[in-house]
2 protein chains.
Amino acid sequence: MHEKMETVLATVMKQVTPKDDERAKMNALAKKLERRVASASKRLGVKAVVRVEGSVAKDTWLSGELDVDVFMRVSRSIPRESLGTVCLRIARKATEGSKQIERFAEHPYLEAIVEGVRVNVVPCYAVKRGEWLSATDRTPFHTDYVNEHLSKRMRGEVRLLKKFMKGTGVYGAEIKVGGFSGYLCELLILHYKTFTKTLEAFAKHRQRIVVDIEGFYENRENELLLLFDEPLVVVDPVDRARNVASAVQTQKLYNFIAAAQAFLRRPNAEFFYPTETTAFTAEKMEKGLKNRGSKIVFVVFDGIKAVPDVLWGQLYKSQRSLRKLVQLSDFKILRDLAWSDEKNSGMFIFELEDCCISPVKKHLGPPLDKQKECEKFVTKHMNSKDTVCGPYVENGRWVVLVRRKPTDVCDLFRQRLEDGGRSAGVAEGISQVLKKGFRVLANEEISDVYETNAEFALFLTEFLQGKPRWLESRSTRER
Amino acid sequence: MHEKMETVLATVMKQVTPKDDERAKMNALAKKLERRVASASKRLGVKAVVRVEGSVAKDTWLSGELDVDVFMRVSRSIPRESLGTVCLRIARKATEGSKQIERFAEHPYLEAIVEGVRVNVVPCYAVKRGEWLSATDRTPFHTDYVNEHLSKRMRGEVRLLKKFMKGTGVYGAEIKVGGFSGYLCELLILHYKTFTKTLEAFAKHRQRIVVDIEGFYENRENELLLLFDEPLVVVDPVDRARNVASAVQTQKLYNFIAAAQAFLRRPNAEFFYPTETTAFTAEKMEKGLKNRGSKIVFVVFDGIKAVPDVLWGQLYKSQRSLRKLVQLSDFKILRDLAWSDEKNSGMFIFELEDCCISPVKKHLGPPLDKQKECEKFVTKHMNSKDTVCGPYVENGRWVVLVRRKPTDVCDLFRQRLEDGGRSAGVAEGISQVLKKGFRVLANEEISDVYETNAEFALFLTEFLQGKPRWLESRSTRER
């Protein structure tokens, strides 16, 4: 192994492995939480098997980054529709007095901050393997599978992989991130054995990556290809019909591949512990936006209410629709992104070559062999007020130069979002918010928001730089 | 037949058929020219068979639009390189005292204005059918073939077709026009029998049109498709290897098809006798250019020398190269055209959505699986002065936002044409002219040229309207 690599990995390994006192504290907390949830469910008259799952149960958690997942397995007699609400009530009771945040995966669950540690209280059904009723039913089986197969050495490798993914921004299965889950990391180490070999496998990725630890599809590759169409397929060892990596966004997969390639070429602890971004001063930001050359347009709205996973689903869906709208209106998008503080404010951000485009465009008509359509086209445009030139024949079809509207992307947003933007494909939840009002700001017009919102300031600073963080630090070193 | 159609065709037929006195005058002129060319060649010691060919010999000329083609068939002992020069000398002698213009097809020939009639004196070799040495050798065979097969009635139909093509701007095989030759019109009538049936055949055109009067390729369609790849193929009855329509530009073919469709739907004498365009006043033109919305850029140069066919070949070739240059520089072209008065001035004209484009563009790098190229790309752009944002990963490849130069199409022309523009694909002859100087004018900056050049003024007026003339008159009628 690369000498530098060895040093880097040894250092990181030391830092991510939980210390003894940390373990003791964690164990005490886990036990306490199990007890509390069990007694709360008893008091509320719900029969439940309570057990800590996740990284704590599998001993793959990172020192200093403790997350406790407490699962309550309940009877199939509770209807699916009320599973969430029933268990939310238990969870709220069990973590009374702590800060509580409602979260949403397939059904709602509770996040609470207990003794400074993030705790998730999640319901699932007590079912036999394969008879899944809800998505979380598999979790206890995942815990058991990993504990049975993952050696102590491998748990260290999982820690390295998780920390690398966190440092490069691809860790986390929540909708906002769309990255790699902890269980996915564990399966990758089970398959590739070490952190380095996992990175090597992804670095040399060409088309799809397929991992099938249990060999469910041995000699039946075609079946596998028909079942899963994602670029990364990791067959769940406890459920052959499920791709553990199905929620990994293509963009995150590519980011991981690029980071893996870069790390293998130049091993550095920065990949695991990236330098914190410092937001530009307001002056620097304003100057940067003025001199950038491109135009950045912000659609800003307040008053969002949905829980994060729902919110991000709506934001991403709306962003994709708006992207299409902007492209179909002939504006050239360089980059685009959605942003939210998850509490109140949301934003769609488009970086464009230009805000304004020509008031004239070429409008292609039918080919000459469609005579009826041609007659209609010519008659319509011949004396139209919007016709700038023509109609004339070009490359075997009728063509006309016509006035284009709108020519300013800000007007486009104002016009199409005024009624909530449902017709432009904005998701229902966001549409409700937009109806109450929104602002369209271009370039330095965002300064007010920038100066008053530190979280957004950090985000925008990173957006303007646009480099992966690990590359940012390489450029600083080499400059 | 459509009643209106009948009336229109009868009227036009009467106008295009030469009157008796016109015929008599023509015959006398033809005889005189034959005599003069014969004696001139004798005096210069060149053995030649002299005969009038073309529309006069085939009785397919249009009343009031007489052109006399005098051919001199010379011995194969004259080398090909000197055929032009030798016969030019004879032609100059034979038309001494008349206005003379040197023309060029495959080799040079002379155009002279004799008694107000355009006369072409053209050399060719006296060869047997099939043993062609130069392109004009076939002409006497064409005359004989047409005279043998074309009935008197059909000659009238040819006159209608020619006049229709002239009126709709698609007649003439010279490079400038790239349209239908007289011989091509005759073959079309031989095949389709009447003017109307010819129009009907083209009007319902879907893919290729193939006419093979002599049935050279009967049951050997595949061979024909391999030999000829033009969208209109009319096999020469005197040379099965030649497509008589090979010089017809696709654009002219489509213009003819559109005109044929329109005429069949709304027969009108305007197609044959279009209203003359009246140039806009200077004020109207200036206002029109200012309010148009699009941007029109003119590259203006003086001092051209080449004969028209050579000149237009160079202009079109250069125009195609510049079109590519402009497109590759990311400007959006609406239309473009070359113009010349054939005496001194030339122009490349580009109508664009905008003169100026964003100073920032997205530059796509290699896909992630090309690791070496990626490393080079990232290292190059990471700290480059021209990098605005990134590099970052998008859709599985590295991407960077970079400064674009130039952002003004006028600068692009000035920079790339300063040295004559050979590297931008400008033809040698035009390049020599550009080296001595040129101007790049945008929109109303062309006003000076417009006011001082009536021919250009007419051209620009039509260019701005952009409609086929037959459609122009329809819009006026229906408005």
Side-chain angles (χ1 to χ4, degrees), chain A residues 203-207 231 250-251 253-255 257-258 261-262 265 292-295 330 332-335 351-354 357-362 368-369 371 374-375 378-379 382-383 388-398 400-401 403-404 463-468 471 474-475 478-479, chain B residues 203-207 231 250-251 253-255 257-258 261-262 265 292-295 330 332-335 351-354 357-362 368-369 371 374-375 378-379 382-383 388-398 400-401 403-404 463-468 471 474-475 478-479:
Chain A
K204 66 172 183 248
H205 152 274
R206 282 197 177 261
Q207 305 223 308
T250 314
Q251 182 57 31
L253 171 61
Y254 285 131
N255 282 351
I257 291 169
Q261 291 174 342
R265 188 179 284 270
R292 193 168 173 87
S294 64
K295 298 290 182 292
D330 301 331
K332 273 202 177 166
I333 299 176
L334 295 169
R335 301 186 298 156
E351 178 163 18
L352 304 156
E353 283 204 0
D354 263 312
I357 47 173
S358 173
V360 178
K361 70 169 174 182
K362 188 184 275 192
L368 289 176
D369 56 1
Q371 286 203 50
C374 285
E375 170 69 12
V378 170
T379 305
M382 200 172 54
N383 289 320
V388 174
C389 180
Y392 56 91
V393 174
E394 187 180 84
N395 294 325
R397 65 198 307 164
W398 281 98
V400 65
L401 305 186
R403 301 240 157 260
R404 172 194 271 137
F463 179 77
L464 288 201
Q465 292 174 329
K467 263 181 266 200
L471 189 56
R474 181 185 152 199
S475 2
E478 290 182 17
R479 204 174 284 150
Chain B
K204 66 173 184 248
H205 152 273
R206 281 193 179 266
Q207 303 223 311
T250 315
Q251 183 57 29
L253 171 62
Y254 284 131
N255 282 350
I257 291 169
Q261 292 174 342
R265 188 179 284 270
R292 192 169 174 88
S294 65
K295 297 289 183 290
D330 301 329
K332 272 202 180 167
I333 299 177
L334 296 167
R335 301 187 297 156
E351 180 163 17
L352 304 156
E353 284 204 0
D354 264 312
I357 47 174
S358 172
V360 177
K361 68 170 177 180
K362 188 184 273 191
L368 289 176
D369 57 1
Q371 286 203 51
C374 286
E375 170 69 12
V378 170
T379 306
M382 201 172 56
N383 289 321
V388 174
C389 180
Y392 55 92
V393 173
E394 188 180 84
N395 294 325
R397 63 197 311 163
W398 281 99
V400 66
L401 305 186
R403 300 242 156 259
R404 172 193 272 139
F463 179 77
L464 288 200
Q465 294 174 330
K467 264 182 262 197
L471 189 57
R474 180 185 154 200
S475 357
E478 291 181 18
R479 205 174 285 147

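Given the structure is predicted, the values throughout are model-derived calculations rather than measurements.
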*If you round to the nearest 0.5 Å, how far is CZ of B/Arg335 from SG of A/Cys389?*
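If we round to the nearest 0.5 Å, A/Cys389:SG and B/Arg335:CZ are 3.0 Å apart.
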*asked:* Just verifying a value: how many Å separate A/Tyr254 OH and B/Arg397 CZ, rounded to the nearest 0.5 Å?
replied: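 The distance works out to 10.5 Å.
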Against chain A, label [X] side chain, backbone, both or neither, depending on which of its atoms sit under 4.5 Å from a heavy atom there.
X	value
B/Leu464	backbone
B/Lys295	neither
B/Val378	side chain
B/Ile357	backbone
B/Glu351	side chain
B/Thr250	neither

*Per-residue contact mode, A/Arg403 against chain B (heavy atom under 4.5 angstrom)*: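 Contact with chain B is through the side chain of A/Arg403 alone.
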*Check whether A/Gln371 gets within reach of chain B through its side chain, its backbone, both or neither, counting any heavy atom under 4.5 Å.*
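For A/Gln371, the contact with chain B is made by backbone and side chain together.
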*asked:* Shorter than 4.5 Å, heavy atoms on both sides: which option in B/Ala203, B/Pro231, B/Gly466, B/Cys374 has the most such pairs with chain A?
replied: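 Heavy-atom pair counts peak at B/Gly466.
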_Heavy-atom pairs under 4.5 Å with chain A - which of B/Ile257, B/Leu401, B/Val400, B/Asn255 has more of them than the others?_
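Going by pairs under 4.5 Å, I would pick B/Leu401.
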*Excluding sequence neighbours, so at least two apart, what forms side chain to side chain contact (heavy atoms under 4.5 Å, CB included) with B/Ala262?*
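Applying side chain to side chain contact (heavy atoms under 4.5 Å, CB included) to B/Ala262 gives B/Phe271, B/Trp470.
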*Output the option from A/Gly396, A/Ala258, A/Ser294, A/Pro359 having the highest count of non-hydrogen pairs under 4.5 Å with chain B.*
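Sorted descending by pairs with chain B, the first entry is A/Gly396.
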*Measure from the side-chain N and O atoms of B/Gln251 to the backbone N and O of A/Val393, and report whether any donor-acceptor pair falls under 3.5 Å.*
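Such a contact is found between B/Gln251 side chain and A/Val393 backbone.
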Could you report the tightest heavy-atom contact between [X] and [Y], atom names first, then the distance?
X	Y	result
A/Asn383	B/Lys467	OD1-NZ, 4.5 Å
B/Pro391	A/Pro468	O-CD, 3.3 Å
B/Gln261	A/Leu368	NE2-O, 3.0 Å
A/Ser358	B/Gly293	OG-O, 4.2 Å
B/Met382	A/Leu471	SD-CD1, 3.5 Å

_Those residues that, when tested against B/Arg404, pass salt bridge (Lys or Arg N to Asp or Glu O under 4.0 Å) (two or more places apart)_ =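 B/Arg404 satisfies salt bridge (Lys or Arg N to Asp or Glu O under 4.0 Å) with A/Glu353, B/Asp330 only.
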